[in-house]
Trainee: 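Once you've had a glance at the structure underneath, I'll fire off some questions.
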Amino acid sequence: MLDSASPWTPLSPSSRRVALEVLVHGPLARTELARRLDLSTASLTRITKPLVDSGVLREVPETTARSSGRPLQPLDVDPSRQQFVGIKLTGFRAYGVLTDLRANILATCTREITSQVPADVAQVLTDVVVDLSAEHAPSAVGVGLGGVVRDFTLVRRAPFLHWRDIDLGRALSERTHLPVAVSNDLDALMEAEHWFGDGRDVHNFAALTIGAGVGGGLVIHDRLVTGPDSGLGLLGHFPLDPLGPVCGEGHRGCADALLTTDAIHSQVSMLLGRPVAYDEVLDLAAAGDPTAERIVGGAAHAFGTLIAAVANIAQPERIILTGEGIRLARVSEQSLLAGITQARQPEASPLDLRILDDDPTLWARGAAAVAIQRAVLSELPRY
């Protein structure tokens, strides 16, 4: 259940709104905070005084306003006041991080998954939490995995674990005695970038990931777009090349058939007549091997087409690119840009692309960010 001692639990909606603005965008001077929230000076003072008195907010070293030269007393949260555990769960490994209140990583931990039986996996996750709690007492746990998750607890479908209808949140909460928030891993990554990363300064952004699968997420008007089919990987079957290879579902030339790490290294391995791992394929392409260069260049061009399609339809202010296969975008950048250009209207605005090099802790941090959100919004599942 929720920790009754949490500083966020008793906050009123207006106080929570002020504290959240500082958490996500701070430190902020009172004048800037009032402007952002459209509050009078008197109203802001009335709201912030008890927040400072209770320790939710604190005054930080003064700065000087450029226009008036008068000293300012910015308000900020104390990120070290609470800690959270985030775990990225794959079919064979659990990557854990301990973060502060702003999802800054304080410690990491990795455990192997040797059995995909739900109870065994829950025990491994518990071991991760215990390892990361040696010097800190986390407020909550977040778990991100590839699949369909409902109500931040029920895993309806997790193909890499071969799971259906597993209440992972309850199982882990019973073992750790902590609130647990389970989410789709891409949704979790989106929320981390939304509050604490490359999406923090825009209201609308998209993210595209390539790796074992192809994924996409969208934040519009500061809200993550979700629906009944979230987590199914629908973007993976977006058609890109009517003459391309066929994916496992029988779709010709879709994103999964062209952009996944398996699709790329399988094509090159077949043409070279020997097994070639994904990173070796990219190394060969970078070194000018004609076979690898052709396959990688074609995949990068198709990725550019997919990026342009998302930009054309959703018109985001920014697009974030990541995933375990994202090195493709760096090795064959010119082909990727050519794919974007070919599929964009010439007068369309330039795209703001941000490439995040893949790291398992990036995804684990996303899971921690969801736990942070649920905690500060007082919406964690109660057991």
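All figures in this text were calculated on a predicted structure; none of them were measured in a lab.
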Trainee: Sequence neighbours left out, what passes salt bridge (Lys or Arg N to Asp or Glu O under 4.0 Å) with Asp358? Give chain and number order.
Mentor: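 Checked Asp358 against salt bridge (Lys or Arg N to Asp or Glu O under 4.0 Å); zero matches.
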Trainee: For Ser266 versus Asp262, what's the shortest heavy-atom pair and its separation?
Mentor: OG-O, 2.6 Å
Trainee: Could you check Leu282, Leu336, Val281 and say which one makes a side-chain contact (heavy atoms from CB on, under 4.5 Å) with Val331?
Mentor: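 Among the candidates, only Leu282 passes.
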Trainee: Among residues at least two apart in sequence or on other chains, which ones pass side-chain hydrogen bond (donor to acceptor under 3.5 Å, both in side chains) with Glu333?
Mentor: none
Trainee: Check Val219, Val202, Leu224 against His194 for a side-chain contact (heavy atoms from CB on, under 4.5 Å) and give me the one that passes.
Mentor: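 Single side-chain contact (heavy atoms from CB on, under 4.5 Å) partner of His194 among Val219, Val202, Leu224: Val219.
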Trainee: Would you indicate whether the side-chain heavy atoms of Arg30 and Glu59 approach each other to under 4.5 Å?
Mentor: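 Touching, per the 4.5 Å side-chain cut-off.
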Trainee: Is there a path from Trp363 to Ile113 through hydrophobic residues (I, L, V, M, F, W, Y) whose side chains come within less than 4.5 Å of each other?
Mentor: no
Trainee: Quick one: salt bridge (Lys or Arg N to Asp or Glu O under 4.0 Å) partners of Arg318, sequence neighbours excluded?
Mentor: Asp201, Asp352
Trainee: In a check of salt bridge (charged side-chain N to carboxylate O under 4.0 Å, His left out) between Glu193 and each of Arg354, Arg200, Arg365, which one passes?
Mentor: Arg365
Trainee: Is there a side-chain contact between Ile372 and Leu101 in this structure, where contact means two heavy atoms from C-beta onward sitting under 4.5 Å apart?
Mentor: yes
Trainee: Would you check if Leu258 and Ile264 make a side-chain contact, meaning some heavy-atom pair closer than 4.5 Å?
Mentor: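 Not touching, per the 4.5 Å side-chain cut-off.
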Trainee: So does Lys88 pair up with Asp359, basic N to acidic O under 4.0 Å?
Mentor: no
Trainee: For the residue pair Ser349 and Arg344, what are the closest heavy atoms and their distance?
Mentor: O-NH2, 2.8 Å
Trainee: Is the backbone of Thr153 close enough, under 3.5 Å, to the side chain of Asp151 for a donor and an acceptor to pair up by distance?
Mentor: no
Trainee: Ignoring hydrogens and angles, state whether a donor on the side chain of Asp120 or Gln116 is under 3.5 Å from an acceptor on the partner side chain.
Mentor: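 No, no side-chain donor-acceptor pair sits under 3.5 Å.
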Trainee: Could you check Asp78 against Ser80 for side chain to side chain donor-acceptor pair (under 3.5 Å), going step by step and ending with a plain yes or no?
Mentor: CA-CA 5 Å; Asp78 179 2; Ser80 66; 2.7 Å; yes
Trainee: Decide, yes or no, whether a salt bridge links Asp131 with Arg111 under the criterion of side-chain N to carboxylate O below 4.0 Å.
Mentor: yes
Trainee: Under 4.5 Å between any side-chain heavy atoms of Leu377 and Leu20, yes or no?
Mentor: yes
Trainee: Would you indicate whether the side-chain heavy atoms of Gln82 and Trp8 approach each other to under 4.5 Å?
Mentor: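 A side-chain contact under 4.5 Å exists here.
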Trainee: Which atom pairs, one a donor and one an acceptor, fall under 3.5 Å between side chains of residues 43-52 and the rest of the protein, sequence neighbours left out?
Mentor:
residue : atom : partner : partner atom : Å
Ser43   : OG   : Ser40   : OG           : 2.9
Thr45   : OG1  : Thr41   : O            : 2.9
Thr48   : OG1  : Leu44   : O            : 2.8
Lys49   : NZ   : Asp53   : OD2          : 3.0

Trainee: Regarding Arg17 and Glu21, does a basic nitrogen lie under 4.0 Å from an acidic carboxylate oxygen?
Mentor: no
Trainee: Closer than 3.5 angstrom, by distance alone: can the side chain of Asn312 be matched with the main-chain N or O of Ala343 as a donor-acceptor pair?
Mentor: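 Yes, the answer is positive, given that a donor and an acceptor are paired below the 3.5 Å cut-off.
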Trainee: Compile the donor-acceptor pairs under 3.5 Å between side chains in residues 270-278 and protein atoms, sequence neighbours left out, one pair per line.
Mentor:
residue : atom : partner : partner atom : Å
Arg274  : NH1  : Glu280  : OE2          : 3.1
Arg274  : NH2  : Glu280  : OE2          : 3.3
Tyr278  : OH   : Gly325  : O            : 2.7

Trainee: Starting from Met190, can I reach Phe152 by hopping between I/L/V/M/F/W/Y residues whose side chains sit under 4.5 Å apart?
Mentor: no
Trainee: Taking distance alone, no hydrogens or angles, what donor-acceptor pairs closer than 3.5 Å link side-chain atoms of residues 230-241 to residues at least two apart or in another chain?
Mentor:
residue : atom : partner : partner atom : Å
Ser230  : OG   : Gly227  : N            : 2.7
Ser230  : OG   : Gly227  : O            : 3.1
His237  : ND1  : His251  : ND1          : 2.9
Asp241  : OD1  : Leu243  : N            : 2.9

